[in-house]
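Here the structure comes first, spelled out in structure tokens, and everything after it is commentary.
Chain letters run A, B, ... following the sequence lines, proteins first, then strands; residues in each count from 1. For clarity, every value in this text was computed on a predicted model and none was experimentally measured.
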Amino acid sequence: MAENVRDRVIAIIAEQAFLEPADVTPEKTLEDLGVDSLGLVESIFAIEEAFDISVPFNANAPQDSSFDISNVGAIVAAVEGLLEEQA
Amino acid sequence: MKRVAITGAGTINALGHSVPETLEAMREGRCGIGPIDIRDVERLSVQIGGQVRGYDQESAFNRQQIALYDKFTQFALLAAREAIGQAGLDFTGDLANRSGVVLGTAAGGMNTWDDNYRVVYEEGKNRVHPFVVPKLMNNAAASHISMEFNLKGPSFSVSTACASSNHAMGQAFQLVRSGASPVMITGGSEAMLTFGGVKAWEGLRVMSKDACRPFSANRNGMVQGEGAAVFVFEDYEHAKARGATILAEVIGFAMTSDASDIVMPSAKGAARAMSGALQDAQIDGSEVGYINAHGTGTAANDKTECAAVADVFQAHADRLMISSTKSMHGHLIGGTGAVELLACIMALRDGIIAPTIGYEEPDPECALDVVPNEAREARVDVALSNAFAFGGLNAVLALRRAP
């Protein structure tokens, strides 16, 4: 399951970044990948739809959100956390 | 070129059902934002807004009118009745033929769209009311004002998201200034507090769930409002000749396009619109005492707007006052600039500056005098009203105290 979540999140981000999933590595930030604020909001929407979860995220204060978007690995971990919480 | 006087004002919004009620609320720094009462509100993640309270359509309109008027048209008509009543104008003959109405709205008849989509999609019905199209069209409010008051000159609607009202009033200003129309009825109206309207805004994740706190470091987004404001823009000599009371004078207008991003604002585009308005009014920035900010309470707008003000006004930026009344009435989207023009009139005519309420923590990126939390008395000669829309379309009006 964990592996699967990671692959699916990476696929969503890769699609936004117009990159191959192999290039979307855990240490990369969204900025590194060229994903802007609209791309981020769209990625979060896609994650919510893919996993049927609700992601607490306000674009005005991303740093205050409990959903960590500091890099790809953090996003994967945050989605796993939400899946556990909202299971 | 003609000079342009404002000889009437009307409104209905979360702060009141008239101009005096609204200005009193602004003076008192009262908040009109609270829990919204709309169908399916429990399915929304954002459940607050600047909703018009105690609204009773039956007391203002008859059954046939209600069948034809979406809420945004009703709001516009109520505001127009107050404005034209105050101006004391009766449109007949040549005056009627040359006077018109230009109104801003972003969504038009959103309640009509929402209600009828429910009928066909949710309830599965295959028939809708015959007046759906004439109710929902964006120009319905402008047309009904023209019919109620016999305005037969240039009449149309303007839709530029959050700058709709300012673009509309800019058009009206130019029509009167050029001599094309002796009188233009103008402003904006919006009734987007519907399930679909709020749900759409939720998607962007820029909405606050608790309050609109423009310029405050802890701001966390915008809050939607609803309502309308309508003004009478009149050829100054025409107004003077008939002894009309002049609320303020419109002296300049400018519009620019950022040509960069569909949602992110640009300080350059905003600055060009403000300096353009000063240039159009042929005044120096140092004459401006008050700016009614676009001030949405989002992270992006407020810092960009403050940077633009600092850029345009240089050292004078620290002397002028800038406040966002959206903290009280919410963001009326296409109607917002019109309601906010009331704060400019209050500053110029009454010498009272409406506050930015909900201000809790200074933000170094918004280090201007934002008139926090309490209204202030000050003599102001010139005021600007800013509107910066999604799509990068900016519109700024400049007003002067009536002589």
Side-chain angles (χ1 to χ4, degrees), chain A residues 8-19 29-72 74-87, chain B residues 42-48 161 198-224 258 260-266 294-306 324 326-327 330-331 358 360-361 363 365-366 390-392:
Chain A
R8 287 164 71 192
V9 170
I10 284 177
I12 287 168
I13 296 169
E15 196 189 345
Q16 278 297 327
F18 297 99
L19 293 170
T29 67
L30 292 174
E31 202 181 354
D32 295 337
L33 299 168
V35 175
D36 65 6
S37 59
L38 272 186
L40 169 60
V41 170
E42 226 186 327
S43 301
I44 287 173
F45 169 71
I47 287 169
E48 288 182 323
E49 289 286 288
F51 297 100
D52 193 21
I53 54 174
S54 175
V55 176
F57 177 79
N58 180 334
N60 290 286
Q63 68 286 355
D64 298 343
S65 164
S66 55
F67 190 78
D68 187 353
I69 53 157
S70 51
N71 61 30
V72 172
I75 296 173
V76 171
V79 172
E80 286 168 348
L82 284 174
L83 279 168
E84 221 160 88
E85 223 173 86
Q86 297 178 17
Chain B
E42 65 285 353
R43 285 180 55 211
L44 293 169
S45 65
V46 172
Q47 303 190 343
I48 59 165
V198 178
K199 185 55 82 183
W201 275 104
E202 274 180 22
L204 266 175
R205 296 181 183 261
V206 294
M207 308 291 286
S208 172
K209 291 179 184 179
D210 46 27
C212 175
R213 300 183 198 87
F215 309 118
S216 190
N218 62 343
R219 67 188 179 276
N220 61 1
M222 52 176 274
V223 174
Q224 268 180 268
D258 298 340
S260 64
D261 192 283
I262 198 68
V263 291
M264 291 305 284
S266 139
H294 190 56
T296 54
T298 61
N301 175 82
D302 296 0
K303 66 177 179 196
T304 307
E305 185 166 11
C306 289
S324 169
K326 285 187 178 75
S327 54
H331 192 336
E360 292 170 354
E361 284 176 40
D363 178 351
E365 289 194 277
C366 303
F390 272 2

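Residue A:Glu15 qualifies as open at atom CD: its count of foreign heavy atoms under 6.0 Å is 12 or below.
No part of A:Ser54 comes within reach of chain B, as not one of its non-hydrogen atoms sits under 4.5 angstrom from that chain. Both the backbone and the side chain of B:Val206 come within contact range of chain A, each with at least one heavy atom under 4.5 Å from a heavy atom of that chain. Of the atoms belonging to B:Met264, it is side-chain heavy atoms, and not backbone ones, that fall under 4.5 Å from chain A. For a residue to count as touching a neighbouring chain, one of its non-hydrogen atoms must lie under 4.5 Å from one of that chain's; by this rule B:Leu204 touches chain A with backbone and side chain alike.
Each of A:Ile75, A:Asn71, A:Asp36 was scored for a side-chain contact (heavy atoms from CB on, under 4.5 Å) with A:Leu30, with one residue passing: A:Ile75.
B:Arg219 and B:Glu365 are not joined by a salt bridge, as no carboxylate oxygen comes within less than 4.0 angstrom of a charged side-chain nitrogen.
B:His331 and B:Trp201 have tilted rings, their planes meeting at an angle from 30° to 60° on a 0 to 90° scale.
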